[in-house]
Structures are given as structure tokens and as C-alpha cells.
There are 2 protein chains.
Amino acid sequence: MYLTQALHRWAATTPDRPATSYGGRSRTYAEVRDRVARSAAGLRATGVAAGDRVGILALNSDRYVEAIHAVPWADAVLNPVNIRWSPAEIAYSLADSGTRTLIVDDLFAPAVPAIQALYPDLTTVIHAGDGPTPEFAVAYEALIADTDPIDDARRSGDQLAGIFYTGGTTGSPKGVMLSHANLISAALAGLASRSFFGHGQTPRSLHVAPMFHLADFGFLLMTTIAGGTNVAFPGFDPAKVLATIDEQQITDTLLVPTMIQMLVSSPAIQDAQLDSLRTVVYGGSPISPALLDRARTRLPGVDFVQAYGMTELAALATILPAAAHDDPAHRESAGRAGPVTELRIVDPSGRRQPAGTVGEILVRGPQVMQGYWEQPEQTAATLQDGWLHTGDAGYLDADGYLHIVDRIKDMIITGGENVYSSEVENALARHPAVAAVAVIGLPDERWGERVHAVVVPAPNTEVDIDALLTHTRELIAGYKVPRSVSCTDALPISGAGKVLKRALREAQLETIAE
Amino acid sequence: MYLTQALHRWAATTPDRPATSYGGRSRTYAEVRDRVARSAAGLRATGVAAGDRVGILALNSDRYVEAIHAVPWADAVLNPVNIRWSPAEIAYSLADSGTRTLIVDDLFAPAVPAIQALYPDLTTVIHAGDGPTPEFAVAYEALIADTDPIDDARRSGDQLAGIFYTGGTTGSPKGVMLSHANLISAALAGLASRSFFGHGQTPRSLHVAPMFHLADFGFLLMTTIAGGTNVAFPGFDPAKVLATIDEQQITDTLLVPTMIQMLVSSPAIQDAQLDSLRTVVYGGSPISPALLDRARTRLPGVDFVQAYGMTELAALATILPAAAHDDPAHRESAGRAGPVTELRIVDPSGRRQPAGTVGEILVRGPQVMQGYWEQPEQTAATLQDGWLHTGDAGYLDADGYLHIVDRIKDMIITGGENVYSSEVENALARHPAVAAVAVIGLPDERWGERVHAVVVPAPNTEVDIDALLTHTRELIAGYKVPRSVSCTDALPISGAGKVLKRALREAQLETIAE
């Protein structure tokens, strides 16, 4: 199993089918294979050797899709860089992984000097853009034009395919090592589940979630294995995304809940032509039932499919198929284990928990990472006997559906009681005055920690805090109801679309100190 | 990836769903997991050590499904034995693979003394049947009753899962070594193709093709990964198979062409209730277009899906989906490469051939065997640079569909021209007087080889050989038309449902000599 195999297969089978589409530019499978074979040659020519890491710091584009294939083709290892990071964070991850070659686009080229100032070992920069190539960089298109194609090195199986840095919502980013077998088996399992591209058409997949993140990366691999077209969209603009769905006759897309909310709240959705759209895959962070209801009402012909996973799982563990969304017992779950995946819920001593009892979620399967790059202790703590310790808390119901309660580390302990912040967030989010909400624990003399909510009010709405807490008290136990509430314009979000609770907590503590 | 993983997953998720059904006896996933964990313990107790080979010589049954899981669970290696073999052939394969433990059913228990006489190292015989256990054997049910379950050894990935002897239509049987990753990736690819169980229901799969053969073995793994029920049927009786489809509400079955012919020719098909049946997967040998037409007419609501592969490919290379059967350009092909599979056509010097040109079919992918057991030279000749040399001749059309022309070794060279016997067979089979036909090459002084046809006449029909040859001459070139024709009641068929051309050739040569 190897990442470039689908490219070989479809270039041989359907050479004229479009493989990529970006900003009105479309390239066939045969063209992409040829360009990948040449850009791999170019990488070798610039000094990339077997096993070297090559970073990609770019918005979604057709060249991003090519780079994902060209790096392993050149016998190198991918390092897709989080585009939301600061130069200091980027320099940290490049240094940590020993990445000395970086592919950048027009947007990120200007950030290179700042990164190089912090990490001088970044010696080779390749500019894969449409604008002028900066002096310090090699032009990607020149590499393709000037080199002869080389044979695919065909890294495969347990060989390292990429180092994918986790979002870093807590602690330093860790480099998740994923092999070719990890990535392809996760993608195959997704396809074997029939929840992805279940409509049976050759997919035209819209990539609006960033490709560096494994949720979209996996969606890209699935599309390619299915011989579909990867339509790349740089950034996220609701009106433009809606227009693109019609223009590009998109069948499938993957969205994080924040994007779904922006789409269904966009005035442009009223007149949007979305007849081609068959499936919206969502994941990356929990979705509120209210938002899911709104989205399904707004997009009545569209199947919603939930995927739960994480970088360490390449990124698929469970799937909630479209049909299960009509089943009240399961629609708020994260679904069941995907094919060739096992789940287990354990207590802190590692004892398996019965159905209905909350504990840490463990996952085993061929998609489980090889480990954290140069972090043997973290690896040993996370990977035990083949089981990945997700750090998420949840329970399995009697039908094997996984209900995710919270990140273990986002659990608040108040007066000796465990409070899972997502449960409180879901209760608060049902109030019409709330557009978004995050619940955190703050130090409290009496209770150890107290439950605190940070609320983003709905547009043109004032939040009546007493009314909000009364509403919440009707839904959840008293000890879970926030003891304090603050309002803000926007929540800090990580590159992966997750709320940065650590940042939120620090900001609240500063406010208290002032 | 490992063979027993789906059993773990479904026993945890849907413990009460039926996993196996046989002769009115049905067991749930939880029951089968428990029995497998106990029978694995029993295998260890009888002396099976890590890496030991365990043979299975039995008709299809629920216990066969259990044994397939129990052997790797006990850290051992499967050796499913061809049930059509003579004691001498069985003894050869057990000796060749060093298999000292054999699981037999009621039918095959009486053959054990003859096998042991030829191969005294067969020290442990386990009787998995419903009748009395012979003195020389251990009772399978007693092993399950008397032992405590053990943990799954969880052989996985590149570890050896089984040695599967090839049918031996030519030369000595060779032991094909397949790893867990080989078997599971082939099954996942089949599922990812959506051609199997494409109806979206949880499959109830009827196993009438023998489970020792990898076509059905793979179908069994796919069913288990999909959480379906494996309904085992011992042997093949058209009327009983048709009745079972209704009684067991079968959704899917895998048949070799001979079985399809027997089913559609059975008088019982007139009154059979086949509403539950969604898909018939066929493969194992070429099907004549005429038979396929008849079958589709007789079973109008059923999807026909073709799979082409071989033991060395665990057993999947290409798939012709149901929809392609309505496409005149492709319906007589073997379909396109399955997911994560590559095809290549080469000439004898290894040069890649363009679309439309016949050559040897090469296959690459994660399902390609590890090699032949203790046959380094055969392995080196067959596996080159990751490519499996299939020994089959064929071509790819412009759309990437594989057209299989013949076994390379069944090719007849007459007057310097290559004649592919299957092409001649297809032409002959279109004549209404022909029920079945095999074409072979016989030594000829003038032409080197001459094309000879062995015909099985249709019931109550006399074959007018002149008329038959006139008919054939209208369809194919003159040099391909048989120079001689003989008639017979039945063709010699291998355990895998393939015509034994070597036996046919020898019989013809004897006739000539007489």
C-alpha cells in the first residue's frame, strides 16, 4: 500500500479524467502523474535525499495535491505544516523534524525570512505559486519544466509517509509518524464503510478544510483512490464556497462545524444552486445538535456523515452514517468503529468498562500511528499493546455507538464531581442567544475548579445571563451549570478548527488578575 | 490488519447478530468469538505452537468459519486443504508445508488413515463434525467445552496467515504464502470498490463454493468485515441451493460458472423464491457470454459482479461491476483493477504493451503473496519488483478494462500462430448443441500443434461436427478453428472449478495411441 498508487492506477486506466481543479485550472490524471514525476525529479535535484522530510506550507491548491504525491515519489517524507501557526511555531516544527526543504505558495513565501531567521537549517525553499518567485526560492514550475520524470521510489507499507504535527491545543506540538499503510488503510476503511461517496458517483470533492490537517488529507486520499477529482479551494468564504459547489458540480465536501455554521448562516444560501451536492462529511470537533438540525433543514437533499478520529489515527476511528442521523438513539453519537477498527473504553487503571460507562477511548487498527517523532516517552504513554490512548472520554452504548463526552484534559473537576465541558456547551448552545460557546474550568478556592462559560452572542442579540443559566439548569444537573459567564466576539480557534481552551483559560486568568 | 479483527469488532458492537448459519444452526458473533477463543485454547493444548501449520479438510460449515479464526487466534498458520484431492495429493501438501495438525469433518475423517499411511508426521487430528469421533481423533466440541478461552495471539500485518495450495492444474501444487495484510487488504479493496454488497444491506452470504478456495475465502472475509452472516452449505445441489436462498434470505453468493449453469438449468428455478438475492459474484474461470445472458434473464433482479484473481492475489485483481454488464464494450472483460491494485501487460521481454495488445498480465498491490512456500526459484520467477506474473494472457482496452485471453500455458502455437483456447471455446460455446467445451493443443507433425476441441453435447442433442465447425468459422479466423473434435460426457474439473487441461490432453494422447 502506498500513497501514490491510486495516481498510477487512474493515470493508467482513465488518463483523461480530471484529477485536480483549482481556480478554473483543471489537470487530468495523466498530466498530474507526469507533473508529479517531474517535480519529484526536481526535489531530488535540489538535494532532497531518501528519507528527508519536505514541508508544505500553503493554502489548498492543485499544487498541494501534487506535492503530497511528489514527496513520497522522490523517496522523501511529507511534513504538511499548519497554516495557522506563527513563524516561531513553524520554525519549531521544522527544527523538531529536521525539515530542511519547504514548499510554499504565494501567501506564505513572505513568511520564509522570518522562519529562516529562527531556523537557519531551512536551506531549500520551493515556491509553488502563480506570482513571481522570490530570490531565495526555486520556482516549482521551473523544476517541472526543466527536469525529466523519474520513477516512483514507491515508499510503501510500514515506511514513513509523513510527520503530521498535532494542532497543539495543549503542550508542544508533537510529530505524529504515519506510514503509508496507516494512511491508505484508513482511507480504504473509509471507502469500505460506504459512508463516503455512498451515492455511487465518481466524486468531485471540494477541499475547503485545510489540506495539512489529516481530516481533509484523508478525504483527499479517499477521493483519489475512488478516481475522483480533487477541487481545491484556498481558505473559506461562505458565498464563494456555495458558488463553487454549483460551478464545479461538487458531489462531496468535508467541513468542520464552524464552516457548516457559516454556510447555513450565509445569506447566499437562499439562492445557491446545490443540486450536485450529495454528502457533507463533518468532524474535527463536536457539532451541536441544534446546528446539525439547521444544516439538515437547509440542505434537505444532502447526506450528513460524521467521522471521528485524530491525527494519530490517520484520521479515522468511527463513522456515523447518514441513515443513523434519523435515529434519535444514535444521532448524537460519533458512530461506530469503522471497518478493521476496534474500540475500547477503559478506566484509569486500564479496566474495560461496560456499555454506558464513561472512560478513556482506546482505538486499535491498522491506522494507528507508528509513534511520535523522537518522543519515545510520549509514544510509550499513548501507544500500549497496539491500542492508541486517545485522551478523549466517552462511552459505548449497547449498540456499539461511541458517545464522546470530552477531552480527558478538558474535564473539569468541581467539588469532586467530573464535569465534561462538551455536555455543558451543548446545553448552553441550545439557547437562541448563543452563537458559540466554550466551557472551561477556572481555579476556585471552595470547589477546586469552577465551571466557567465563554459565550459568543448571536448576531444583534444581548445575552441575559440569568435567563441563560435558568435555561441551562433545565437541561443539566446543578453542579454542571456555569458559576460564571463571560461574553466575547469570537473564540480562539486552532488551525484544525478546535477551540483553543488553553488560550481561553489563560485569557480568563489574566482578566481575573487585572 | 489481522484476520480475526472483524470478529472482535462485531462481537463487541453487535454481539447478538448471527455470524454463522449451517443446517438450521445459527450462532451469534459473541458465541462464535467465545467458541473461537476456546478452540484456539484447545489447539494450543493439543500441542500446536506459534507458527505451526494447521490444516482444514472439510466441507463448508459453521465450524470451518470458526477454524479459519481459531488457527490465527492460536498463533498458528492456516492450511485449507483442497477437498477434491486424493489422499496422495493431500499427503503431499501436508508434508510439503510440514502440517502436523489436521481438522477434519465427518466426511473426511475416514480418509485420515490413508493420509497418515503416506505421511506419518500427521500426529494430531481434530474431528469437527456431528457424528461420532474416530479413535485416532480429538473431538472439536470437547476441546471447546473443556478449555478456557485464551487471548487472541493477534498475528497481523506481514505475518504469515496461511499457506494456500494452488489448484495444481499444471505441475505440483505450490503453497502460496499469504500474510494477514494480503488477505485483509484484498477484502477491504473489494468492499471499497462497492461492487460487493453494493445493495447496502447487511449481507447474508451463501457459501456454496468451497471455503478452502481463496475466491470463497475472500468472500467470507468480506462478509465478516461487513458484519454479515456466513451461511455455509456443504457441497452443491441446485435445488437445495435455490431452496436455501429463500429459507435463509440470502442476499449474496459467490458462484463459479459451472454452478451458475447448473442453477439456471435446474427445473427447480421455475418455482424458486429468490426475492432476497441481490448479488451473484462469479469468477474462478471464464464464463461464456451465452451463459451469462441466460443467467441474467433467469435472475432479472440480481446484480452480477465478476471478480478476477488467483490464489497468489488473495484472490482479487479486477472487478467488473454490475452496471458494466450492460455495456457491450466491457461486458466480456474481467473489469478494471480494484482499488489499490495496478495492472500491466508486458511482452516476453518485459516491455509494457499498449492498449489492445495481448501480453502477460502483471499485478501489483498489497494483496500480492509473500511467495511460494520453500520454492525460492518459483517465487523469483513469479514475483519481480513487486509485480506478480500471473501467467495469464490478456490486454487492456482504452478504458482500462482487462480482457483475459488465456492462460499463457494454455496458448496453442499452430503453424507459428498463437491461438488462445478461450477464444475458440467461446466461439464453439455459442452453438446450441454445445453444453460445455475445452480447447487444447495436440502434437501435429505439420503444424507443431493443432487445435483440438473436446465437446460436451447439450442434453439429448447430437453434435453435427461439420455444422459446428462451419458455425465456428463464421466467428473466428480459419487457423483458430479446431482441426479435430471429440465428444465426452463431462470435462475433468479441478477443485477450484477449472477444467483440467493437462488431464484432458493426456486422455486425448492415450486415445490417439490406442
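These numbers come from the heavy atoms of this one structure, side chains and all, not from hydrogens, waters or symmetry mates. Just so we're on the same page: letters track the sequence lines, and every chain starts at 1.
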(message) Quick check on B/Tyr395: does its OH atom have over 12 non-hydrogen neighbours (other residues, nucleotides or ligands) under 6.0 Å away?
(response) no

Does any backbone or side-chain atom of [X] lie under 4.5 Å from a heavy atom of chain B? Answer side chain, backbone, both or neither.
{"X": "A/Ser185", "result": "both"}
{"X": "A/Thr341", "result": "backbone"}
{"X": "A/Arg344", "result": "neither"}
{"X": "A/Tyr2", "result": "side chain"}
{"X": "A/Ala398", "result": "backbone"}
{"X": "A/Ala6", "result": "neither"}

(request) For chain B, find which of A/Tyr401, A/Trp10, A/Phe197 contributes the most heavy-atom pairs closer than 4.5 angstrom. (result) A/Phe197

(message) Let's test your reading of the structure: which of A/Asp399, A/Ile184, A/Asp16 forms the most heavy-atom pairs below 4.5 Å with chain B?
(response) A/Asp399

(message) Using a 4.5 Å heavy-atom cutoff, which residues in residues 216-225 of chain B come close to chain A?
(response) B/Ile225

(request) Taking all heavy atoms of B/Arg352 and all of A/Ala12, pick out the closest pair and write down the distance. (result) NH2-CB, 4.3 Å

(request) State, to 0.1 Å, how close B/Leu188 and A/Ala192 come at their nearest heavy-atom pair, and which atoms those are. (result) CD2-CB, 3.8 Å

(request) Check whether any side-chain heavy atom of B/Pro339 lies under 4.5 Å from a side-chain heavy atom of A/Leu191, and answer yes or no. (result) no

(message) I want to check something: taking the side chain as every heavy atom from C-beta on, are B/Val340 and A/Arg9 in contact at a cut-off of under 4.5 Å?
(response) no

Supply the atom-to-atom distance [X] [atom1] to [Y] [atom2], rounded to the nearest 0.5 angstrom.
{"X": "A/Gln5", "Y": "B/Glu342", "atom1": "CD", "atom2": "CD", "answer": "4.5 Å"}
{"X": "A/Asp158", "Y": "B/Asp158", "atom1": "CG", "atom2": "CG", "answer": "6.0 Å"}
{"X": "B/Met1", "Y": "A/Gln367", "atom1": "CE", "atom2": "CD", "answer": "9.0 Å"}

(request) State which residues pass side chain to side chain contact (heavy atoms under 4.5 Å, CB included) with A/Leu396; sequence neighbours excluded, sorted by chain then number. (result) A/Leu343, A/Ile345, A/Leu402

(request) Not counting sequence neighbours, which residues clear side chain to side chain donor-acceptor pair (under 3.5 Å) with A/Arg155? List them please. (result) A/Asp75

(request) Applying side chain to side chain donor-acceptor pair (under 3.5 Å), name anything that partners B/Thr229, two or more places apart in sequence or on another chain. (result) none

